[in-house]
Number of protein chains: 2
Amino acid sequence: MGAKEAPQYRKLYELLRGLIEDLSYQYGDLLPSENELCATHQLTRPTVRKALDMLVNEGFIIRQQGKGSIVLGLPKGIGILSLTGTTSAIGQDLLTTKIIVKPHIMSWEHAFGYELSERDRSLGCIHMERLRLINEKPVFYDITMIPNLNLPRFTSRTFENRSLFDILRKHYQIEVKGGEQKIQAITADDRIVKHFGVKKNHPILRVDRKLDTSKAGFSFFSQIYCNTENYSLIGSF
Amino acid sequence: MGAKEAPQYRKLYELLRGLIEDLSYQYGDLLPSENELCATHQLTRPTVRKALDMLVNEGFIIRQQGKGSIVLGLPKGIGILSLTGTTSAIGQDLLTTKIIVKPHIMSWEHAFGYELSERDRSLGCIHMERLRLINEKPVFYDITMIPNLNLPRFTSRTFENRSLFDILRKHYQIEVKGGEQKIQAITADDRIVKHFGVKKNHPILRVDRKLDTSKAGFSFFSQIYCNTENYSLIGSF
DNA sequence: GTCCATTTGTACGTATGTATC
DNA sequence: TGATACATACGTACAAATGGA
C-alpha cells in the first residue's frame with residue numbers, strides 16, 4: 001500500500017508555510033485574500049480557510065476582518081530546542097549532522113525513563129543516533145527512539161541536515177503537539193568524551209524527552225547530550 | 001452598546017471545556033459524537049466541528065476517526081519547571097524555601113542576557129534570591145528580578161513556600177503566558193559551592209529565563225541554579 | 001461623515017471517503 | 001458486513017470590519 005496523498009488544505013498549508021519560512025512573505029506582509037487563493041488553487045473557501053486556520057494556530061499569521069491575513073514570520077517553536085551562541089546567531093548553513101547509528105529497527109531497551117505502552121513495546125522501535133556539529137565542532141549528541149508503527153520507508157530516509165519534526169510533518173502528517181522533558185547536568189562519560197573531544201569531567205547537559213504527537217497514542221523519545229560550553233540550549237514555551 | 005453575544009461555536013467550546021475542567025469528562029472518556037452534539041444544541045456539523053477543533057488545538061481532547069472525541073483532561077501547564085526524583089515523587093511538604101536576599105528595590109545590573117526596555121531600566125528592579133531545599137538538602141538557587149512597576153506591597157510580601165506565579169496571579173492578576181529559557185551545564189562556582197555544599201567542579205544546571213505575562217510589556221527574569229545529582233528538572237511543553 | 005468594494009467571520013447545507021468496532 | 005463516527009471537500013448566504021473614494 002502506497003502513501004496516501006495529502007489533503008488539499010494541507011498542501012496549501014505546506015505551500016504557504018514554506019513561503020513564510022523562506023521569507024518570501026515577511027513580517028507585516030499580507031497573504032493573498034481567501035478568494036484569490038481559491039482562484040489560484042482551484043479550491044473553495046472552507047478549504048482555503050482550513051489551511052489559513054492552521055497557520056494561525058501555529059503563530060505564522062494573524063487575520064483581521066476587513067483587512068486580510070497578516071504574516072508574523074517564523075514563530076518561536078515550542079518543544080524545539082535550539083542553540084544560541086554567546087557571540088553570534090546560528091545560521092542554518094553552519095549546522096551539520098553526522099549519522100552515527102543509521103535508523104534501524106530493534107527492540108526497546110528502555111525509553112529514557114518514560115513509560116511505554118504494551119503495543120509500542122511489542123512492535124519494537126526505530127533507533128538512530130546523530131551527532132550535530134556547529135562549525136565542524138560537535139555540540140549535540142542525539143539518540144532517538146520511535147515506535148515502529150506504520151511509517152513506510154522511514155528507515156530508508158535520510159536525515160542529514162533535516163529536522164525530524166519536518167519529516168514527520170511533511171511525509172507522515174504527524175505533528176509534535178507537546179511533550180515532557182527531564183534535564184540534568186552531568187559529567188562527560190566515555191562515549192561523550194569520544195564524540196565531543198572534551199575532558200572526562202567536562203559538564204554536559206542531558207535532556208530526556210518524550211514527544212507527543214497529533215497521532216493518537218503515538219509518542220517518541222529522545223535523549224540529547226549537549227556541550228553548552230560555547231552555546232546555550234534555548235527553548236520557548 | 002452592550003457586549004456582543006459569543007458565536008455558537010464558542011459557546012459550545014466553553015461549555016465542553018467547562019465540563020472537562022470540572023471533571024465531568026475525564027481522561028479516556030468519549031465526548032458525545034458530532035451528530036449528537038448537533039442534535040442536542042441545534043447546530044450543524046461544521047459549527048460543532050469548529051468547537052471541537054478548538055479543544056484539540058488546546059490539548060483538551062484528541063479525535064479518532066471511527067471512534068470519537070477522546071478526552072485527555074486538563075492540559076499540562078507550560079513553563080512550570082518542577083523536579084522529579086529518581087526514587088520518589090516530590091511532596092509539597094518536603095520542599096522548603098530559605099530567603100537569602102529579601103525582596104528589595106535596586107537598579108538593574110543585567111537581565112541574564114535578555115534585553116530590557118527603556119522603561120524597565122529607568123524604573124529599576126525588585127531583586128531577591130532564594131534557596132530551595134528538599135528534605136533539608138539544597139537543590140535550587142533562584143535569583144529573580146522583576147521590573148519595579150506598580151506592584152504595591154510586593155517587597156513586603158513573604159515568599160516562603162509560595163510560588164511566585166501564584167502570588168502574581170492572585171494578588172496582581174498577572175498570569176505568566178510564555179517565555180524563553182537558556183540552559184547550560186556549568187561547574188559549581190564559589191557561591192554555589194557555599195550554598196549547595198558540593199565540590200568545586202560538581203556539574204550544575206543553570207537556567208536563565210525570561211517570563212512573559214498577560215500584562216502588556218511586563219516580563220520578569222530569573223536565573224536558577226540546580227543540583228541535578230538526585231533530582232531532574234522537568235518541564236512540559 | 002457616508003458610501004462602497006474588499007476581506008474575513010459565522011453558519012447553513014450536502015456529499016463522499018475512510019477508520020473503527 | 002454493517003453501523004457509526006470522524007475527515008475531506010464541495011457550495012451558498014449573510015454579517016461585520018476595514019479602508020479608500
Side-chain angles (χ1 to χ4, degrees), chain A residues 1-16 25 28-57 59-72 117 119 149-152 169 172-175 177 213-218, chain B residues 1-16 25 28-57 59-72:
Chain A
M1 114 183 181
K4 185 175 51 178
E5 200 184 5
Q8 300 296 329
Y9 71 85
R10 175 166 271 285
K11 284 195 271 187
L12 179 56
Y13 158 78
E14 294 288 355
L15 174 67
L16 294 172
Y25 291 105
D29 291 350
L30 289 180
L31 291 185
S33 76
E34 294 178 359
N35 285 327
E36 283 179 277
L37 291 171
C38 291
T40 52
H41 298 92
Q42 294 293 302
L43 298 169
T44 56
R45 263 192 79 204
T47 307
V48 167
R49 283 181 63 79
K50 175 130 189 175
L52 294 173
D53 284 343
M54 293 177 71
L55 293 172
V56 170
N57 283 327
F60 287 96
I61 65 171
I62 56 171
R63 310 173 77 196
Q64 217 172 105
Q65 193 174 142
K67 196 169 180 189
S69 300
I70 305 162
V71 173
L72 295 179
S117 72
R119 185 200 58 187
L149 177 56
N150 192 27
L151 297 176
R169 179 169 50 81
Y172 303 99
Q173 286 82 53
I174 293 173
E175 298 211 41
K177 283 292 191 183
T213 72
S214 53
K215 188 176 168 74
F218 182 73
Chain B
M1 106 184 186
K4 186 175 51 177
E5 199 184 5
Q8 301 297 328
Y9 70 86
R10 175 164 265 286
K11 285 195 272 187
L12 179 56
Y13 158 78
E14 296 288 358
L15 173 68
L16 294 173
Y25 290 105
D29 291 350
L30 288 180
L31 292 184
S33 77
E34 294 178 359
N35 285 327
E36 284 179 275
L37 291 171
C38 291
T40 51
H41 298 92
Q42 295 295 301
L43 298 168
T44 57
R45 267 195 74 203
T47 307
V48 167
R49 281 181 64 79
K50 175 132 188 174
L52 295 173
D53 284 344
M54 293 176 69
L55 293 172
V56 170
N57 283 328
F60 286 97
I61 64 170
I62 57 172
R63 310 171 75 193
Q64 217 172 108
Q65 195 175 141
K67 194 170 181 187
S69 300
I70 305 163
V71 173
L72 294 179

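Numbered from 1 within each chain, the chains take letters A, B, ... in sequence-line order.
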*Rounded to whole angstroms, how far apart are CD on B/Gln42 and C1' on C/dG13?*
15 Å
*Is the closest side-chain heavy-atom distance between A/Lys215 and A/Tyr172 below 4.5 Å?*
no
*Could you run through nucleotides 1-9 of chain D and give me one letter per nucleotide, 5' to 3': B if any protein heavy atom sits under 4.0 Å from the base, S if only the sugar-phosphate is that close, - if neither?*
----BBBBS
*What are the two closest non-hydrogen atoms of B/Val48 and B/Cys38, and how far apart are they?*
CG2-SG, 3.7 Å
*Taking salt bridge (charged side-chain N to carboxylate O under 4.0 Å, His left out) as the test, write out the residues that go with A/Glu36, two or more places apart.*
none
*B/Leu30 has an atom CG; how far is it from atom P of C/dC21, in whole Å?*
10 Å
*Closest heavy-atom contact between A/Phe218 and A/Thr213?*
O-OG1, 2.7 Å
What pairs of donor and acceptor atoms, side-chain ones from residues 59-72 of chain B against any protein atom, are under 3.5 angstrom apart with sequence neighbours left out?
from    : atom 1 : to      : atom 2 : distance (Å)
B/Arg63 : NH1    : B/Asp53 : OD1    : 3.0
B/Arg63 : NH2    : B/Glu34 : OE2    : 2.3

